[in-house]
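To keep things clear, I will list the structure first and then write my remarks on it.
Each chain gets a letter, A, B and so on, in the order the sequences are listed, and its residues count up from 1. Note that the coordinates shown come from a computational prediction; the quantities given were computed from them, not determined experimentally.
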Number of protein chains: 2
Amino acid sequence: MTAKSEQTRQLVADVALRMFREVGFEKTTMRAIAAGAGVSVGNAYYYFASKDDLVQELYVQVQAEHAAKAHETLEGLKDLGSRLKATLHAGLDVMAPYHRFGADFVATAIRPTSPVNPFAGESTAAREASLAIFRAAVEGASPPAPKKLRADLPELLWLGYMGIALFWVYDTSEDQRRTRKLVDGVVPLITRSLSLARIPGVNKVLDDVLGLSRSIRA
Amino acid sequence: MTAKSEQTRQLVADVALRMFREVGFEKTTMRAIAAGAGVSVGNAYYYFASKDDLVQELYVQVQAEHAAKAHETLEGLKDLGSRLKATLHAGLDVMAPYHRFGADFVATAIRPTSPVNPFAGESTAAREASLAIFRAAVEGASPPAPKKLRADLPELLWLGYMGIALFWVYDTSEDQRRTRKLVDGVVPLITRSLSLARIPGVNKVLDDVLGLSRSIRA
DNA sequence: CTCCCCTTTTGAACATGTTCAAAATTGAGT
DNA sequence: ACTCAATTTTGAACATGTTCAAAAGGGGAG
């Protein structure tokens, strides 16, 4: 009975995500989720192998929202700076309701065994989806990014985004204003640095950075 | 009886750290630690408020070893590159026995509530101790680092070290060779980048980077 | 309708981190 | 040596993530 089954699964997920948002990670016990959804504990486990799996459910949803919002905002934007800024702010917008939950999310995600982990393995679905968002921001830019960098830039930006997300987790300022400021300040620095790549001395170091980055990943 | 008390505490810590090393974080249960030390579970909790506290004990010890080893190795080294390389490799040496435990350590440390967390709050003791190691590497260098950077460089390097440590956690190559390569490749890039700081265009961007970094931390 | 197999659901049981009231031990003062 | 308050130790109890054998439900073949 696919219909009823899918309904139960969705119900459990919805209750879990709402509780994550409203009362945080630790207070959201599997028993509470089950009770809230009107099912037994074992039934919740029939659909989600672990509490971490529910975190992944959240991750996937946040990711999808980020992609959608970024895609939408990027419509009218041409230059790389604006596109990047829009992409990063879109990410922060989507994460905002989960801020109190952020630290636990990071702690969960960072385990190599976590299905959410963006670093582990090579091409996690999670990482690919996130990367695609930055690839879109870079590829649609005009003027385009320096040819030499175009292949690696999305991955580097994505890595930077992970850093920004980490900063965001610890940002206790109201509505995480500091992270917003960080984004606004960092984006112009990135675009300006890119134009420095033409200076011969800088270019040489850049070559070596890219070389190292590629050799390490190999 | 301070002596006996200290002895018990030390015993519990020793057993815990050995088990962390030998069987990993999850398999090292509080019951197993207590049994191994020949005390009751409650007694272990009398000395360590939580399992995380035992992780901190490990962190403090690793930190101290790193500081000692770095200090020792730095004796004969003059130029910043060598000093940095020695400092980073010393860190990897000290962490090596705990590699299998690394991911759990990171997951524990990254929680804002963790006593080990290097980012949370302002001047965690842990962070200060770690920073001091890099300050020593920078301050003793000749030729000295660019004046403009001297104040911020240790903190930036420390941040880079956190990144390297994260890379190390996920490094599945034998004896974490890739991380060693990363260190060896990244250090020359850093020193060469520092010398680029004299180029006017680069210098201007650098000023802005430092300005942003300071305004965000304020 | 009945039987049978597959999916779904249940709830008790287990492992582990943590708490706590009570017991045991200790050391100083007499 | 005795007393007593503080320190140390104990082990049972609790909360929570997770497992699992058994029960319930559902739908197609006969």
From CZ of B:Arg31 over to P of C:dA15, roughly how many Å is that when rounded to an integer? 10 Å
Spacing of B:Asp104 atom CG relative to C:dG17 atom C1', expressed in whole Å: 15 Å
Mind calculating the distance between CE (B:Met30) and C1' (D:dC14) to the nearest angstrom? 16 Å
Applying salt bridge (charged side-chain N to carboxylate O under 4.0 Å, His left out) to B:Asp104 and not counting sequence neighbours gives A:Arg111
Could you state the atom-to-atom distance from NZ of A:Lys27 to P of D:dG17 in whole Å? 13 Å
Partners passing salt bridge (charged side-chain N to carboxylate O under 4.0 Å, His left out) against A:Lys69 (at least two apart in sequence or in another chain): A:Asp93
Contacts of B:Ser50 meeting side-chain contact (heavy atoms from CB on, under 4.5 Å) (sequence neighbours excluded), chain-then-number -> B:Asp52, B:Asp53
Please report, rounded to the nearest Å, how far the P atom of C:dG17 is from the CG atom of B:Asp52. 11 Å
Where along residues 7-26 of chain B does a heavy atom come under 4.0 Å from DNA chain C, residue by residue in number order? none
Members of residues 39-50 of chain B that approach DNA chain D, where some heavy atom sits under 4.0 Å away: B:Val39, B:Ser40, B:Gly42, B:Asn43, B:Tyr46, B:Tyr47
Results of salt bridge (charged side-chain N to carboxylate O under 4.0 Å, His left out) for A:Arg214 - residues two or more places apart only: A:Asp152
Whether A:Ser5 contacts C:dT7 is assessed here as follows: a side-chain N or O lying under 4.0 Å from the phosphate OP1 or OP2. Is that the case? no
Between A:Leu54 (CG) and D:dT16 (P), how many Å, whole number? 16 Å
A:Arg192 meets the salt bridge (charged side-chain N to carboxylate O under 4.0 Å, His left out) criterion, sequence neighbours left out, with B:Asp208
Not counting sequence neighbours, which residues clear side-chain contact (heavy atoms from CB on, under 4.5 Å) with B:Ser215? List them please. B:Leu212
Measure the acute angle between the ring planes of B:Tyr161 and B:His66, then classify it against the limits of 30° and 60° as parallel, tilted or perpendicular. tilted
Are A:Glu57 and A:Arg9 within salt-bridge range, i.e. N to O under 4.0 Å? yes
Show me, pair by pair, the donor-acceptor contacts under 3.5 angstrom made by side chains of residues 26-35 of chain B, not counting sequence neighbours?
{"from": "B:Thr28", "atom 1": "OG1", "to": "B:Met19", "atom 2": "O", "distance (Å)": "3.2"}
{"from": "B:Thr28", "atom 1": "OG1", "to": "B:Gly24", "atom 2": "O", "distance (Å)": "2.6"}
{"from": "B:Thr29", "atom 1": "OG1", "to": "B:Ala32", "atom 2": "N", "distance (Å)": "2.9"}

Round to the nearest Å and state the distance from B:Glu6 atom CD to D:dT7 atom P. 16 Å
